[in-house]
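Just so it is clear, the model here is predicted, and its values are computed rather than measured. Scope of the values below: all heavy atoms of this structure, side chains included, with no hydrogens, waters or symmetry mates.
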Amino acid sequence: MGLSKREVLHVAHLGRIHLADDEVEKFADQLSTIVDYVNQLSELDTEGVEPLAHALPIHNVLRPDEPRPGLSTDQALGGAPDAADGFFRVPRVIDDGSSA
Amino acid sequence: MAILDQTACQMRDALRRRDLTAADAAEASLAAIERLDPTVAAFVATDACAVRRRAAEIDARLDAGGPVGLLAGVPVAVKDNMCTADGLPTSCGSRILDGWRAPYNAHVVERLLAADAVIVGKTNMDEFAMGSSTEHSCFGPTHNPWDTATVPGGSSGGSAAAVAARMVPLALGSDTGGSIRQPGSLCGVVGMKPTYGRVSRYGLVAFASSLDQIGPLARTVGDAALLLQAVAGHDARDSTSVNEPVPDYLAVLDEPVAPLRIGVPKEFFTEGLDPEVERLVREAIGVYERLGAKLVEIDLPHATDYAIATYYIVAPSEASSNLARYDGVHYGYRAPEHADMIDMYMRSRSEGFGDEVKRRIMLGTFALSSGYYDAYYKKALRVRRLVRRDFDEAFEKVDCIMGPTSATPAFPLGERLENPLAMYLSDLFTVGANMAAIAGISIPCGFTGAGLPVGLQILTGVFTEDRLLRISRMYERQTDWTSRRPAICEASA
């Protein structure tokens with residue numbers, strides 16, 4: 001099963017990646033080849049096999065809920081492409097006057 | 001002996017005896033980088049002033065006879081996906097993080113500093129550790145010191161090449177599907193992936209969190225043991241870090257493992273295997289046989305092709321989630337032109353990420369998307385258990401598993417760049433260990449007729465790094481591959 005150009009555009013949009021037209025075609029070909037390869041997993045009977053997300057037993061790790069030093073505001077904003085007044089600055093996301 | 005021809009263990013001893021100063025070791029390393037790195041391109045960032053300051057400070061403490069750490073004065077390189085505060089950038093080979101300064105040190109960096117190592121710089125890598133050739137880097141490719149027309153392997157190709165070219169005796173890499181062992185093999189150095197959870201991932205930029213593991217690259221098994229000793233151990237800031245005691249790896253290194261049963265899986269000797277690689281690996285296994293080891297043919301039916309197929313669902317799925325954080329808001333690159341918020345995300349990410357990262361984000365998003373989740377992601381997790389079972393069953397019968405690390409020696413630059421699947425198959429023999437969380441190593445086992453190194457892969461069960469190192473050392477003692485130097489090192493040595 002290959003990936004159509006429409007499917008590539010769909011997953012690119014879900015992954016927030018903008019693709020040019022010629023890229024859509026290239027990635028559709030490459031991703032189809034890869035998906036064809038991974039499809040060999042369907043040969044395997046995995047009925048009754050428990051999914052394994054982590055190969056070692058993983059336990060929840062709890063600690064006392066006590067304040068600890070963390071990054072300062074300046075440190076946290078230090079790598080931001082745009083910051084002002086102690087905040088990350090982003091393009092407008094809400095129209096003027098409309099409710100959130 | 002020239003300073004950089006010494007092993008890290010020899011350097012450490014000479015530093016303590018004051019036969020060598022940290023300043024001289026650092027200068028030797030900086031000079032080698034200046035001389036060789038224009039050709040090899042293993043490093044993406046160094047800070048000579050900081051290196052000299054640090055070396056002088058360690059010399060002062062060594063002179064004063066005060067207590068010093070395990071690696072006092074030894075130059076070490078760090079892969080560029082491990083966070084370094086105070087100076088060096090952390091870019092992950094990506095335009096989206098180019099020049100980013102981490103506000104904190106990774107656990108392994110803290111441990112190196114506590115061990116009084118001198119961190120000389122950050123090494124090149126495939127973008128976000130996605131690749132097997134170190135060609136997917138926004139800084140350009142690293143070249144294999146044994147033949148600069150070939151790749152060093154990847155994704156820790158910068159670290160492997162820096163050690164192979166004797167710019168540093170030690171370097172840290174990270175291994176998600178083979179990214180320490182495969183470049184170790186292609187560059188003729190020792191590369192070890194410890195058990196998942198052995199080394200904290202705190203401050204390692206996340207690629208596939210259930211698979212990523214940090215480990216050492218070094219010229220000798222003893223040096224790999226030394227570096228592992230410095231960075232292994234529990235860290236509460238990584239919830240998958242395991243609180244198992246860390247043995248003294250060096251103390252037991254020269255004790256052979258006997259009796260030794262070696263599992264040789266027929267799946268590791270398939271038709272795609274380069275005949276020279278096969279011959280050298282079989283000869284290496286023959287060395288163990290002469291030492292009294294017993295060979296056992298075993299089956300790992302899910303550990304190669306099915307493991308790769310599983311890996312290319314699991315790893316991209318985790319990556320697509322982990323890389324959602326690069327949004328042009330919190331750190332890194334933001335596209336200058338955009339229509340609105342969503343368009344800003346999309347343009348920042350499409351301009352900031354390279355093609356391989358885009359492929360994996362799309363692949364992972366596909367595998368996790370509505371309608372495909374059960375058929376791909378969940379199916380892959382079930383097969384992952386089958387991979388784990390293969391190894392569990394094998395380790396009931398044998399003490400270790402041996403085979404080639406890579407099916408081929410170093411391949412020419414550009415050869416697999418336009419064929420992602422061919423690149424993915426570079427990790428055919430290594431991904432199984434990541435899926436199963438077990439320990440693995442690649443050690444040099446000879447050279448092809450063209451002078452390219454070949455690696456023997458050895459795998460052992462979880463938290464048996466001490467045994468894995470001892471088994472590796474048994475072979476190393478019988479051979480002399482580690483003394484061979486790439487021709488580019490000879491010029492001024």
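- In this structure, chain A has heavy atoms under 4.5 Å from both the backbone and the side chain of B:Thr310.
- Both the backbone and the side chain of B:Arg359 come within contact range of chain A, with heavy atoms under 4.5 Å apart.
- Looking at A:Gln40, both its backbone and its side chain come within 4.5 Å of chain B, counting heavy atoms on both sides.
- Counting heavy-atom pairs closer than 4.5 Å to chain B, the top-ranked of the candidates A:Ile34, A:Val93, A:Asn60, A:Val8 is A:Ile34.
- Using a 4.5 Å cut-off between heavy atoms, A:Leu77 makes no contact with chain B at all.
- The aromatic rings of B:Phe391 and B:Phe395 lie parallel to each other, their planes meeting at an angle below 30°, with 60° marking the opposite boundary.
- Comparing B:Asp340, B:Ile438, B:Ile313 by how many heavy-atom pairs each has under 4.5 Å with chain A, the most go to B:Ile313.
- Here A:Leu31 is the residue among A:Leu14, A:Leu31, A:Leu19 with the most heavy-atom pairs under 4.5 Å with chain B.
- Among the candidates B:Val329, B:Leu211, B:Leu323, B:Leu97, the residue making the largest number of heavy-atom pairs closer than 4.5 Å to chain A is B:Val329.
- Between B:Glu356 and B:Arg360 there is a salt bridge, since a side-chain N of the basic residue sits under 4.0 Å from a carboxylate O of the acidic one.
- Residue contact with chain B, scored on non-hydrogen atoms closer than 4.5 Å, involves the backbone and the side chain of A:Leu41 alike.
- Interface remark: B:Phe463 contributes side-chain atoms only to the contact with chain A (heavy atom separation under 4.5 Å).
- Contact of B:Leu425 with chain A is made through the side chain alone, with heavy-atom distances under 4.5 Å.
- Judged by a 6.0 Å distance limit and a 45° cone about the ring axis, B:Arg349 is not positioned over the six-membered ring of B:Tyr326.
- For the pair B:Glu135 and B:Arg416, the salt-bridge criterion is not met [side-chain N within less than 4.0 Å of a carboxylate O].
- Between B:Asp355 and A:Lys26 there is a salt bridge, since at least one side-chain N of the basic residue sits less than 4.0 Å from a carboxylate O of the acidic one.
- Salt bridge B:Asp175/B:Lys193: absent, no basic N to carboxylate O contact under 4.0 Å.
- In this structure, chain A has a heavy atom under 4.5 Å from the side chain of B:Met344, while its backbone stays farther away.
- Heavy-atom distances place the side chain of B:Tyr424, and not its backbone, under 4.5 Å from chain A.
- Ranked by heavy-atom pairs under 4.5 Å with chain A, the first of B:Ile308, B:Val314, B:Asn419 is B:Ile308.
- Contacts between B:Ser369 and chain A at a heavy-atom distance below 4.5 Å involve the side chain alone, from C-beta outward.
- Heavy atoms of B:Val462 lying under 4.5 Å from chain A belong exclusively to its side chain.
- Separation of the B:Tyr312 and B:Tyr376 ring centroids does not fall under the 6.0 Å cut-off.
- With chain B as partner, the option from A:Val90, A:Thr33, A:Leu44, A:Leu56 having the largest number of non-hydrogen pairs under 4.5 angstrom is A:Leu44.
- Centroid-to-centroid, the aromatic rings of B:Tyr196 and A:His54 come within less than 6.0 Å.
- Ion pair A:Glu23/A:Lys5 not flagged as a salt bridge, since none of the NZ, NE, NH1 or NH2 atoms sits closer than 4.0 Å to an Asp/Glu carboxylate oxygen.
- Contacts with chain A were tallied for B:Ser210, B:Ala375, B:Ala102; B:Ser210 has the most, counting heavy-atom pairs under 4.5 Å.
- The parts of A:His13 that come within reach of chain B are both its backbone and its side chain, each placing non-hydrogen atoms under 4.5 angstrom from that chain.
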Practice task
Could you go through the side-chain contact (heavy atoms from CB on, under 4.5 Å) check for A:Val11 and A:Glu7 one step at a time?
Solution key: CA-CA 6 Å; A:Val11 293; A:Glu7 284 174 304; 5.8 Å; no
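- For A:Arg89, the part lying near chain B is the backbone, with the side chain staying farther off; criterion is any non-hydrogen pair under 4.5 Å.
- When heavy atoms are compared at a cutoff of 4.5 Å, B:Val387 does not approach chain A at all.
- We find the CG-OG distance between B:Asp98 and B:Ser91 to be 5.0 Å, quoted to the nearest 0.5 Å.
- At a 4.5 Å heavy-atom cutoff, the contact between B:Asp305 and chain A is made by backbone and side-chain atoms alike.
- Smallest separation of non-hydrogen atoms from B:Arg325 and B:Ala206: NH2-CB, 4.2 Å.
- For chain B, the nearby part of A:Phe27 is the side chain; its heavy atoms alone come within less than 4.5 Å.
- Ranked by heavy-atom pairs shorter than 4.5 Å toward chain B, the options A:Ala83, A:Ala76, A:Gly78, A:Gly79 are led by A:Gly79.
- The cationic atom of A:Arg16 (NZ for Lys, CZ for Arg) does not lie both less than 6.0 Å from the six-membered ring centre of B:Tyr345 and within 45° of the ring axis.
- Relative ring orientation between B:Phe128 and B:Phe353 is described as perpendicular, the plane-to-plane angle rising above 60° on a 0-90° scale split at 30° and 60°.
- In this structure, B:Phe207 and B:Tyr311 have perpendicular ring planes: the angle between them is above 60°, well past the 30° mark.
- Residue contact with chain B, scored on non-hydrogen atoms closer than 4.5 Å, is absent for A:Ser72.
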